[in-house]
Enquirer: 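Structure in structure tokens, see below.
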Amino acid sequence: MEYVFDVFFEECFLTMERSGLKSRSGRRDVIDHLNSVISGCIEGRPTATAQLAVGLAVQSAIDYHRKMKDDNFRVCMMGKYHNVLYIALRIAWDWSLEDSTVIRLLLEEIYACENTFERLFLGALFGSNAPHFIAGWKSDFKDQDENLRAMVFFLHHAGKTRLKLPSYSYVYRDIVPTKFIDIPIESCGKAAPLRVAMQASAPDILMILLRHGADPNPDDGGSSPIISLLDKLREYENRSYPYQLVSCLKLLLRCTIMIELPYKPHLFHVRKEMFQTKYRLLLEDNLIPLDQLFGVPTLKSICRCHVRDQLRNNFQLPRGINRLQVPRKIMKYIDLLD
């Protein structure tokens, strides 16, 4: 069966123009053709399963890309030779491929050429039409809902295989292993997906990212997400705060033990006074919990953050929560659902 897919890519791409997969319709035609080949392989071999056939198809796409790259001195030729990986990405999603190892190889192959996963994240964050205006290409998913579900699908497999990729750290000032979910988006100022969701005032997407282990304080060179939200809320001097912004703030506060005061290296009492002066209205409107700012956080809040940190560091969010031997209500609390 491997031979069938190898021949498919060789023959399909032999006469195709280099820009043949630039358009979404061009990629869709190849995907439909490949789906037919997969269905034929399954029907033609009683012992073949859909998962086996799809896994082999995705692996063949990866192998074809590597072959073309090797022939070009290990430099990706882009065009159709790179877009073959997005054919494989869509095939894996269409057939709900369960082989996390193959999906990991596919994601690593994409990242080796692009150093970002914006083609996966942008459609989920802004809708399927937005990527065309932001990055010059169209999403392969029909709408934002499908793109969002696909993003969760790949987040699941990346977490299952503990996928980390080299990315620049502003804390260490060096290239360090970074989780798939925290890889910066190039077209959005190299901001982490969580920060982009926050800046877009999208609490539903922010919730999904946090539940799947996104770092609530991403190492992407930006300021504290909570302080950034407070600065945005502070702009509403009429105190008519947008629900989406308030919801984003509440979600981030669930994952934070203490709000770190800005204005370092001033002494604490000076920083406290400066903070109270700048965010006076927000403090009066109880948008900032005092126990997370100047006081002592509740024990249950501290425990939730520490448990989530352990699960996040071990790639166990959110699926690992169900394995904890605690009551269902506490599971919901740890999972940010309560």
Enquirer: If the condition is side chain to side chain contact (heavy atoms under 4.5 Å, CB included), which residues does I302 pass it with, not counting sequence neighbours?
Expert: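 Side chain to side chain contact (heavy atoms under 4.5 Å, CB included) check on I302 returns I257, P297, H306.
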
Enquirer: Any ion pair linking R211 and D335 (charged N to carboxylate O, less than 4.0 Å)?
Expert: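 So D335 pairs with R211 through a salt bridge.
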
Enquirer: Mind checking ring pair (Phe, Tyr, Trp, His ring centres under 6.0 Å) for F294 and listing every partner two or more places apart, or none if nothing turns up?
Expert: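 Residues passing ring pair (Phe, Tyr, Trp, His ring centres under 6.0 Å) with F294: none at all.
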
Enquirer: Would you call D140 and R24 a salt bridge, taking side-chain N to carboxylate O under 4.0 Å as the test?
Expert: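 No salt bridge links D140 with R24.
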
Enquirer: Taking side chain to side chain contact (heavy atoms under 4.5 Å, CB included) as the test, write out the residues that go with E109, two or more places apart.
Expert: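 For E109 the side chain to side chain contact (heavy atoms under 4.5 Å, CB included) partners, ignoring immediate neighbours, are I62, H65, R66, L85.
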
Enquirer: How far apart are the C-alpha atoms of F13 and V84, what are their side-chain angles, what is the distance that settles it, and do they pass the side-chain contact (heavy atoms from CB on, under 4.5 Å) test?
Expert: CA-CA 9 Å; F13 285 66; V84 67; 3.7 Å; yes

Enquirer: Counting only N and O atoms by type, is there a donor-acceptor contact under 3.5 Å from the side chain of Q59 to the main-chain atoms of V102?
Expert: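 A pair under 3.5 Å: no.
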
Enquirer: If the threshold is 4.0 Å, N to carboxylate O, is there a salt bridge linking K67 and D63?
Expert: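 Looking at K67 and D63, the cut-off is not met.
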
Enquirer: Do side-chain atoms of S23 reach the backbone of G26 as a donor and acceptor pair under 3.5 angstrom?
Expert: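 It does hold such a pair.
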
Enquirer: Could you go through M198 and L245, starting from their C-alpha distance and side-chain angles, then the distance that decides it, and tell me whether this counts as side-chain contact (heavy atoms from CB on, under 4.5 Å)?
Expert: CA-CA 8 Å; M198 181 197 74; L245 279 179; over 6 Å; no

Enquirer: Just so I know, are the side chains of L283 and L293 near enough to count as touching, which here means a heavy-atom distance under 4.5 Å?
Expert: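 The answer is yes, as the side chains (C-beta and beyond) meet within the 4.5 Å cut-off.
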
Enquirer: Whether the side chain of K190 engages the backbone of G221 through a donor-acceptor N/O pair (distance < 3.5 Å, no angle test) should be reported.
Expert: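 No, K190 side chain to G221 backbone: no donor-acceptor pair under 3.5 Å.
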
Enquirer: Under the 3.5 angstrom rule, does the side chain of R234 hit a backbone N or O of K278 as a donor-acceptor pair?
Expert: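 Flag set: sc R234 to bb K278 pair under 3.5 Å.
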
Enquirer: Would you call R312 and D309 a salt bridge, taking side-chain N to carboxylate O under 4.0 Å as the test?
Expert: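 Answer for the salt bridge query: yes.
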
Enquirer: Assess whether a salt bridge exists between R195 and D220, defined as any Lys/Arg side-chain N lying under 4.0 Å from an Asp/Glu carboxylate O.
Expert: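 Here R195 pairs with D220 in a salt bridge, since their nearest N and O are under 4.0 Å apart.
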
Enquirer: Please evaluate residues S169 and D219 with respect to the criterion side chain to side chain donor-acceptor pair (under 3.5 Å), reporting the C-alpha separation (whole Å), side-chain torsions for both, the decisive distance (0.1 Å), and the verdict.
Expert: CA-CA 6 Å; S169 165; D219 179 14; 2.4 Å; yes

Enquirer: Are Y333 and L252 grouped together when hydrophobic residues (ILVMFWY) are joined by side-chain heavy atoms under 4.5 angstrom apart?
Expert: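 Shared cluster, no.
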
Enquirer: Using the ring-ring contact (aromatic ring centres under 6.0 Å, His included) rule, take F275 and Y279 through it: C-alpha gap first, then chi angles, then the decisive distance, then the call.
Expert: CA-CA 6 Å; F275 187 93; Y279 302 107; 4.6 Å; yes

Enquirer: Report yes if some heavy atom in the side chain of P166 is under 4.5 Å from a heavy atom in the side chain of T178; otherwise report no.
Expert: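 Heavy-atom side-chain distance check fails, nothing below 4.5 Å.
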
Enquirer: Let me see the working for R308 and L317 under side-chain contact (heavy atoms from CB on, under 4.5 Å), right down to the final yes or no.
Expert: CA-CA 8 Å; R308 286 187 58 82; L317 284 176; 3.7 Å; yes

Enquirer: I'd like to know whether D215 forms a side-chain contact (heavy atoms from CB on, under 4.5 Å) with D182, so could you lay out the CA-CA distance, the side-chain angles of the two residues, the decisive distance to 0.1 Å, and finally the verdict.
Expert: CA-CA 7 Å; D215 190 338; D182 294 321; 3.7 Å; yes

Enquirer: Look at the side-chain heavy atoms of Ile, Leu, Val, Met, Phe, Trp and Tyr, link any pair under 4.5 Å apart, and say whether V152 and F315 land in one connected group.
Expert: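 As far as the 4.5 Å side-chain criterion goes, F315 and V152 are not connected within one cluster.
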
Enquirer: My understanding is that only one of L249, I288, N217 makes a side chain to side chain contact (heavy atoms under 4.5 Å, CB included) with I226; could you say which?
Expert: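 Only match with I226 under side chain to side chain contact (heavy atoms under 4.5 Å, CB included): L249.
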
Enquirer: Salt bridge between R149 and D94, side-chain N to carboxylate O under 4.0 Å?
Expert: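 Salt bridge absent between R149 and D94.
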
Enquirer: Under a single-linkage definition using a 4.5 Å side-chain heavy-atom cutoff for Ile, Leu, Val, Met, Phe, Trp and Tyr, are M16 and F5 assigned to the same hydrophobic cluster?
Expert: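 M16 clusters together with F5.
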
Enquirer: What orientation do Y86 and H82 show, parallel under 30°, tilted 30 to 60°, or perpendicular over 60°?
Expert: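 Y86 vs H82 ring planes: perpendicular.
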
Enquirer: For a 4.5 angstrom cut-off between non-hydrogen side-chain atoms, does R162 reach K179?
Expert: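 Heavy-atom side-chain distance check fails, nothing below 4.5 Å.
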
Enquirer: Does any N or O in the side chain of Q316 come within less than 3.5 Å of the main-chain N or O of I321, such that one atom is a donor and the other an acceptor?
Expert: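 Checking the backbone N and O of I321 against the side chain of Q316, no donor-acceptor pair under 3.5 Å is found.
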
